[in-house]
Amino acid sequence: MRLRIAPSPTGDPHVGTAYIALFDLGVARRNGGRFILRIEDTDQGRYVENSERNIFDSLRWIGLEWDEGPDVGGPYGPYRQSERLPRYREFAETLVEQGKAYRCWCSPERLKRVREEMQARKEPPKYDRFCYGKSEAERRALGECTERPVVRMLIPDEGVTAFEDLIRGRIEFENKLIDDQVLLKGDGFPTYHLAVVVDDHEMRISHVTRGEEWISSTPKHVLLYEWIGWELPKFAHFPLLRNENRSKVSKRKNPWATLPWFRDNGYLPEALLNFLALLGWSMPDGREVFSFEEFVREVDLERISTSGPIFDLNKLDWLNGHYIRQMPLDELAERIRPFLERAGLAAEDPPLASALPLVHERLKRLAEGPELLGFLYQPVGEYDPKLLVPKGLDAGTTRALLDASIARANEAPSFGHAELEAAFRELATERGVKTGQLFMTLRVACTYGTVSPPLFETMEVLGREGVVTRLEVALARVPSE
RNA sequence: GCCCCCAUCGUCUAGCGGCCCAGGACGCCGCCCUUUCAAGGCGGAGAUCAGGGGUUCGAAUCCCCUUGGGGGCACCA
């Protein structure tokens, strides 16, 4: 089996590319096949600088490594369509000679006009074959021409073209509804339809996987295979990933439509892959958390469902948190360090090894690191002083508590969390306040907020000096009534 | 407008004729644990299986229609 993913370098890599590539790789691995990356750069107008690089980086980041591709080579290269131009021209030429295709000199203006006329007549908008059967000279005499002709398929007027889709079963189209598709553009580049057929065949692709949006052009491809006498590959049209409003995901509307977004926001590749595998597919035994290796053992294109799933970031967050909780701390330290550094947090004092246990099970995304750990690295922080005064107590009492707390912190023989907790519980009892009241004051003073990791573990990490400094700042800040 | 695809809890899904007055997961709501927040444990609400016709002893599962949603109709992929 040979499966391929064939993105276009027209911008940031799309999440849908990873979605289909995941199944490509999975199916290839399960069957001892190969996974190929091909770059479809036949649209010179939409080419975006660096996007090929970004595609490589994103796919590698998420862990979908290809066996053959532009940068790693392989027996059926080149793997970039712009480097395969002669093949497409030759193929198109052969079709013209055989009468399966013909040249067309119509200007864009004329094509547009014809389409609009047909629309107005409630007919399917198709090319009217004005150029068919005419020599260049004959055609030019009629006007409305362009310099460089294109090559169009001569679609049969009768019959139906059908194909078997692995995911959806048989799909058929009436030939008379199919437009005479352009195969070769005026600039000599092939259209997608020509290039995909030639390349899939020459690269020995056994399973053509792609989004549902391609279903309606598949009959054109089938015709091409038949005309040239090539064996038909198997087709699998995946459901389209949707926005909350059920339209297909677009980079314009959703930041998460783009792969780098997940990396930048602290999602783990393994979690994203696991999540993607759950869209339109499920383990036979219903497991929802599984590794890529487990996925490979069970993946099957025929188990993919047909309706387009809405991308639920909520569930991704849960899965991501789950993977983070599962991760050894030293590994988490390495993975989260870049996020902290980018936020200007040194992550040296206290060392991550002692800080991370505080937030390990509270972290859903690595990018939350700076927000959750920031207070540890800033001796003085911003917060509303009113938060220091617990419910039911007044400012004077709070000041006294803080003052006594500073003394306790200074006197504590050791700074272990158990001893600290004992000491402060004792203080609360002595002063006749609820532990929760004292602890909240200390929490705000030490962590700059009412939500934090466990207080005494946090104090232990902060160390005596860190705690005393914070308590002194707090004491000075308590509102004057 | 024409063609194609699709339709089970808010969301992702299980189900491929009887085990289903529909199971799991996320989310949500309680309770427990608890110094806050999480995590974890337990429990709960939540789907007349889009609607209507068939087929069948029996349908979420098969067929048809309707409705709804999506996609495609470029010298873009």
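In what follows, chains carry the letters A, B, and so on, assigned in the order in which the sequence lines appear, proteins first and then strands, with residues in each chain numbered from 1. Since the model is a prediction, treat every value here as computed from it, not as a measurement.
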- Message: Please verify the inter-ring angle class for Trp281(A) with Phe290(A); under 30° counts as parallel, over 60° as perpendicular, anything in between as tilted.
- Response: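 Because their plane-to-plane angle is over 60°, the rings of Trp281(A) and Phe290(A) count as perpendicular.
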- Side-chain donor/acceptor contact of Arg168(A) with base of C5(B) under 3.5 Å: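 Result: no qualifying N/O pair found.
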- Reading nucleotides 72-77 of chain B 5' to 3', which nucleotides get B (base under 4.0 Å from a protein heavy atom), which S (sugar-phosphate only), which -? SSSBBB
- Check whether any side-chain N or O of Glu202(A) sits under 3.5 Å from a backbone N or O of Asp199(A) as a donor-acceptor pair, and report yes or no.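 Judged by distance alone, no pair lies under 3.5 Å.
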- Query: Of the residues in residues 153-166 of chain A, which ones touch RNA chain B at a heavy-atom distance under 4.0 Å?
  - Reply: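 The answer is none.
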[N] OP1/OP2 closer than 4.0 Å to side-chain N/O of [X]:
X	N	value
Arg242(A)	G70(B)	no
Ser282(A)	A14(B)	yes
Arg246(A)	G68(B)	no

Would the [X] and [Y] ring centres measure less than 6.0 Å apart?
X	Y	result
Phe262(A)	Trp256(A)	no
Phe235(A)	Trp214(A)	no
Trp66(A)	Tyr79(A)	no

Given that both distances must come in under 3.5 Å, which nucleotide forms a Watson-Crick or G-U wobble pair with [N]?
N	result
A60(B)	none
G1(B)	C73(B)
U11(B)	A25(B)
G68(B)	C6(B)
C20(B)	none

- Query: Taking the P atom of each, how far is C6(B) from A47(B), in whole Å?
  - Reply: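 To the nearest whole Å, 27 Å.
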